[in-house]
Asker: 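Let me begin by handing over the structure; questions about it come next.
Start at 1 and go down the list; that is how both ligands and their atoms are numbered. These numbers were taken from a predicted model, which means no experiment stands behind them. For the numbers below, each heavy atom of this structure counts, side chains included, while hydrogens, waters and symmetry mates do not.
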Amino acid sequence: MKKRIIRWMLVLCFMILQGVYAFGGQGDISVYVKGEEVAFDVPPQIIDGRTMVPVRAIFEAMGAEVTWDGQTQCALAKKGTATVKMTLGSTALWVDGQVKTMDVSPAVVNGRTLAPAKYVAESFGYKVIWDEATKSVWITENTDTVLTVHFLDVGQADAALVESDGTYLLIDGGNVADSDLIYAYLSKLGVTDLDYVVGTHAHEDHMGGLSGALTKAKVGKIYAPSAGSDAAFYMNFKNLAAKQGLSLQVPEKNESFALGNARVTLMTPAQKDPDNLNNTSILVKVVCGSTSFLFTGDAEREEEQDILSQNLDLDATVLKAGHHGSDTSSSYVFLREVMPEYVVISVGKNNSYGHPGEDALSRFRDAGAKVYRTDMQGDITFESDGTALTVATSKNENAATNPTESSTASTEAANPQTGQYIGNVNSQKFHLPSCRSLPAENNRVYFSDRMTAVAQGYDPCGICKP
Ligand SMILES: [Zn+2]
Ligand SMILES: [Zn+2]
């Protein structure tokens with residue numbers, strides 16, 4: 001008797017789950033217009049393989065006015081002098097008096113007119129990006145590059161500038177000594193307005209150089225953790241902010257906002273660790289289409305755990321490695337959630353901390369991520385078209401940023417034991433094979449000649465003077 005009840009309960013549970021799944025399947029599609037999520041009373045759905053979206057809501061999100069003529073079953077959208085007209089059951093789409101043919105005609109679902117997202121967006125000169133992983137439609141400005149991220153080479157420090165459709169977000173600004181560099185970088189790009197600034201945490205190598213940004217640009221909003229500092233760099237930064245009428249805002253839980261075509265989310269740890277400012281770091285996620293970036297400040301594994309326990313969507317195409325690639329950050333569990341294709345390490349050449357750590361580097365290898373490093377490659381710039389990324393570095397594009405043991409071995413085999421130079425992937429110095437301070441086997445990279453070593457950003461060892 002008991003068994004039968006259990007069996008029936010299982011069947012019932014299964015049916016409920018199926019129902020939830022089937023229902024959720026339709027309502028799952030989200031639509032972003034210029035980084036803002038559009039709210040619908042009737043959800044988008046896939047009809048004949050096309051993503052169909054409620055016409056009025058999308059047109060209005062694009063800034064158009066919509067009228068509906070019941071007699072002709074016709075929707076008319078106007079934005080400035082541009083007009084778009086479509087008729088129920090007809091594939092004809094009139095854009096400024098010119099007719100185009102849609103592959104699926106508009107249909108009424110629960111009293112709302114739905115039409116293919118692609119045609120609705122393109123009719124007003126936008127483009128559409130579909131992200132299969134999150135089942136979302138991104139309607140963006142119609143340009144090849146919809147999002148650009150610059151990782152600035154500020155030595156043993158952090159600074160990244162994010163731009164989309166002329167709006168800017170600066171995440172950290174390097175040390176006080178980098179203020180001029182930040183000023184010059186913004187000047188070079190012609191940035192006069194920084195819509196958002198995030199100081200990830202109150203350490204000088206992150207917030208020191210933000211003063212340069214506040215001197216150069218008019219800032220819209222500044223985010224920083226509640227944990228501050230009484231150091232001079234911090235006071236100076238606060239004063240410069242006050243001069244612009246700004247105070248430092250602590251982000252709301254998962255606060256998010258549009259940045260041009262992209263969506264930015266700020267994540268903060270639930271537990272505050274007063275003894276380690278690194279673990280107060282604000283995490284910043286920037287998404288556009290199927291490309292995304294996660295900036296983790298100096299978050300170490302304790303904060304990574306904290307963020308993981310909040311069940312946030314951490315998946316990212318590019319991860320800015322926490323704490324300059326330190327072994328105490330980028331734990332396996334965290335990397336498994338982020339699953340980055342690229343890892344950027346913002347780190348100074350020959351820094352006294354031994355960053356990046358060999359353990360962290362090996363975890364990036366295990367994750368199959370391609371590593372870029374500011375100490376070897378200078379400024380690193382990613383451009384996104386919403387689907388794919390292109391990367392450019394200011395130097396040493398093909399540097400061996402994270403050589404695997406097997407690739408080291410094959411280089412070794414290709415180069416005879418005579419006349420070669422041995423580099424240390426951590427210290428970025430190269431040695432003669434006879435040097436008494438050679439790196440451990442797994443930290444070695446071999447060069448056939450001196451020029452190659454120098455070209456890859458390696459400095460000669462002071463002991464053996466190769
Ligand atoms: Zn720090
Ligand atoms: Zn730092």
Side-chain angles (χ1 to χ4, degrees), residues 149-162 170-179 181-182 197-213 222-238 248 250-251 266-269 271-284 293-307 318-331 334 343-357 359-361 364 371-376 378-380 426:
V149 176
H150 308 255
F151 292 92
L152 280 64
D153 176 12
V154 283
Q156 183 64 19
D158 257 25
L161 181 67
V162 184
L170 179 66
I171 305 168
D172 290 338
N175 284 292
V176 170
D178 299 313
S179 288
L181 185 152
I182 301 294
V197 167
V198 175
T200 59
H201 65 295
H203 275 155
E204 197 218 322
D205 59 323
H206 295 256
M207 291 181 66
L210 286 178
S211 299
I222 302 175
Y223 291 100
S226 54
S229 162
D230 46 23
F233 81 87
Y234 195 83
M235 292 306 166
N236 187 34
F237 175 67
K238 267 178 100 167
L248 312 191
V250 177
L266 306 179
M267 309 172 193
T268 50
Q271 302 288 320
K272 303 284 180 257
D273 179 354
D275 299 327
N276 186 353
L277 285 178
N278 286 346
N279 288 336
T280 66
S281 292
I282 297 173
L283 271 63
V284 184
F293 294 78
L294 182 65
F295 304 84
T296 58
D298 275 351
E300 301 188 56
R301 68 168 80 86
E302 298 78 13
E303 185 180 348
E304 292 176 353
Q305 277 295 345
D306 186 311
I307 298 286
V318 181
L319 170 68
K320 197 292 300 176
H323 199 200
H324 320 284
S326 156
D327 284 340
T328 54
S329 300
S330 311
S331 54
F334 190 71
V343 168
V344 175
I345 304 174
S346 190
V347 66
K349 209 182 232 183
N350 307 328
N351 66 79
S352 55
Y353 306 95
H355 294 158
D359 290 352
L361 286 171
F364 299 143
V371 170
Y372 284 90
R373 292 169 55 160
T374 58
D375 59 339
M376 299 169 99
D379 301 327
I380 298 154
N426 289 331

Asker: For the side chain to side chain contact (heavy atoms under 4.5 Å, CB included) test, which of L210, L152, D172 pairs with I182?
Answerer: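 Testing each of L210, L152, D172 against I182, the sole residue satisfying side chain to side chain contact (heavy atoms under 4.5 Å, CB included) is L152.
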Asker: Which protein N, O or S atoms does the Zn ion (ligand 1) have within a distance shorter than 2.8 Å?
Answerer: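 Protein N/O/S atoms under 2.8 Å of the Zn ion (ligand 1): H201 NE2, H203 ND1, N278 OD1, D298 OD2.
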Asker: Does S329 use its side chain to pair, donor to acceptor, with the backbone of A299 at less than 3.5 Å?
Answerer: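 Looks like yes, one N/O pair under 3.5 Å.
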Asker: How about E300 and T328: does a side-chain donor come under 3.5 Å of a side-chain acceptor?
Answerer: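 Short answer, yes.
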Asker: Look at the rings of H355 and H323 and say which category their plane angle falls in: under 30° parallel, 30 to 60° tilted, over 60° perpendicular.
Answerer: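 Ring orientation of H355 relative to H323: perpendicular.
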Asker: Looking at D205, T374, D375, which one forms a side-chain hydrogen bond (donor to acceptor under 3.5 Å, both in side chains) with H324?
Answerer: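 For H324, the side-chain hydrogen bond (donor to acceptor under 3.5 Å, both in side chains) check succeeds only for D205.
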Asker: Do the ring planes of F293 and F295 sit parallel (below 30°), tilted (30 to 60°) or perpendicular (above 60°)?
Answerer: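 Ring orientation of F293 relative to F295: parallel.
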